[in-house]
Amino acid sequence: MRWEAKIELDARGRTFATGLLADLIAALRRSSQGDLLAISGDGPALGVDLDAWCRFTGNTLIGSAIESGRTRWVIRCGAAPANPDADRPPGSRLWLYTNFDCNLCCDYCCVRSSPAAPRRELGLARVQRIARESPALGVREIFVTGGEPFLLADISEILTACAAAAPTTVLTNGMLFSGRRLAELRSLPRGRVTLQISLDSPTPEGHDRHRGPGTWARAWVGIRKARAEGFRVRLAATVSTDAQADAFRRFLDAQQVAEQDRVIRRIALRGFASEGLAFARADLVPEITITAEGVYWHPVGAEDADLLVSREIFPLAESFAAVRVAFEQEREHPRRLAAIFHCA
Ligand code: SF4
């Protein structure tokens, strides 16, 4: 993906030692927290200095790409928002992308799902093997997502296999619970399967603006059906501003939704999104994520090359080990920088 930046700098052959640093600091002074700043230069060497400088100054090197034979690095001003899950051991949560097609086409979908997206199915056999191998690797919760998982004919078998391994939450837009799919839902073990249904706003306007006309009302019907069937339902909102988050919290208060059944997150600048929070791998505590194409660092970028850990899923123990080793290396960075940048 190409990150659009607020400020574009051209290094024009300069390095930190020959004048680039002053331009960089001036650009940051014109920026606000979360703004993106791009630097174009010749050759990859500058990236090493930019990475070290960002880590030392509390900014974040989001990524780089070759454009017209030159390298363009993108920096996000400021640190990522505090992560309340930072202490969770990597691998305790496992995410499975069962498919990438969806009945909706939300304009901020982080994995570009839509009715036209190829299915790219993980498949029941692989899910069953993952479910068998994951408890021994420390998995304590499984999250099943997509795309829309309830488009799959074998979704109840997939969820039942996951639920046998660990408590399982399935992320859904909640719009397909009728006919055969309602029967699939009814067959699931209530004590082990939670539904996380997307609802972005207290009233239809905000939700429908991103997800399509009439989708809020259909999601609300799905929430009521799932509750009536005896399922625990978590409501998950994707918002753009703190004011939207506060409005949704007030709505959840009025609905008497328990704290543990609320998920409110900002739009991530990935996939279809044209605005939102930009995240780099270094910002994200890994939540191991498996798709048909391989193992990823985090579900927010489950088709992005910068978050790909391995094309090989199995043996699962090796995939988990690769993520944990990479995480240890990330955590080593601040310690190494502290050793390099002596102030006195
Ligand atoms: S955000 Fe969810 S509901 Fe919307 S297109 Fe993506 S997968 Fe489908």
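What's counted below: heavy atoms across the whole structure, side chains too, no hydrogens, waters or symmetry copies. Counting starts at 1 for both ligands and their atoms, following the listed order.
For the pair Asp208 (side chain) and Trp216 (backbone), a donor-acceptor distance under 3.5 Å is present.
Checking Cys106 against atom 6 (Fe) of ligand 1, every N/O/S atom stays at or beyond the 2.8 Å cut-off.
The contact set between ligand 1 and Asn173, taken as ligand atoms under 4.0 Å from a residue heavy atom, comprises 3 (S). Within the listing of ligand 1, atoms 5 (S) sit less than 4.0 angstrom from a heavy atom of Leu104. Counting the atoms of ligand 1 from 1 in the order shown, those under 4.0 Å from a heavy atom of Gly147 are 7 (S). The Arg211 neighbourhood of ligand 1 comprises atoms 3 (S), 4 (Fe), with distances under 4.0 Å to a heavy atom of that residue.
Closest protein heavy atom to atom 6 (Fe) of ligand 1: Cys109 SG, 2.4 Å. Atom 8 (Fe) of ligand 1 has its closest protein heavy atom at Cys102 SG, 2.3 Å.
Phe150 does not carry Arg181 over the face of its six-membered ring by the limits of under 6.0 Å from the centre and within 45° of the normal.
Taking the six-membered ring where tryptophan is involved, the planes of Phe248 and Phe251 are tilted, since the angle between them lies from 30° to 60°.
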Intermediate values then yes/no, side-chain contact (heavy atoms from CB on, under 4.5 Å), Lys225 and Ser178: CA-CA 9 Å; Lys225 271 190 192 175; Ser178 61; 4.1 Å; yes

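In this structure the side chain of Trp95 reaches within 4.5 angstrom of the side chain of Leu171, judged on heavy atoms. For the pair Leu316/Ile130, a side-chain contact is recorded, criterion being any heavy-atom separation below 4.5 Å from C-beta on.
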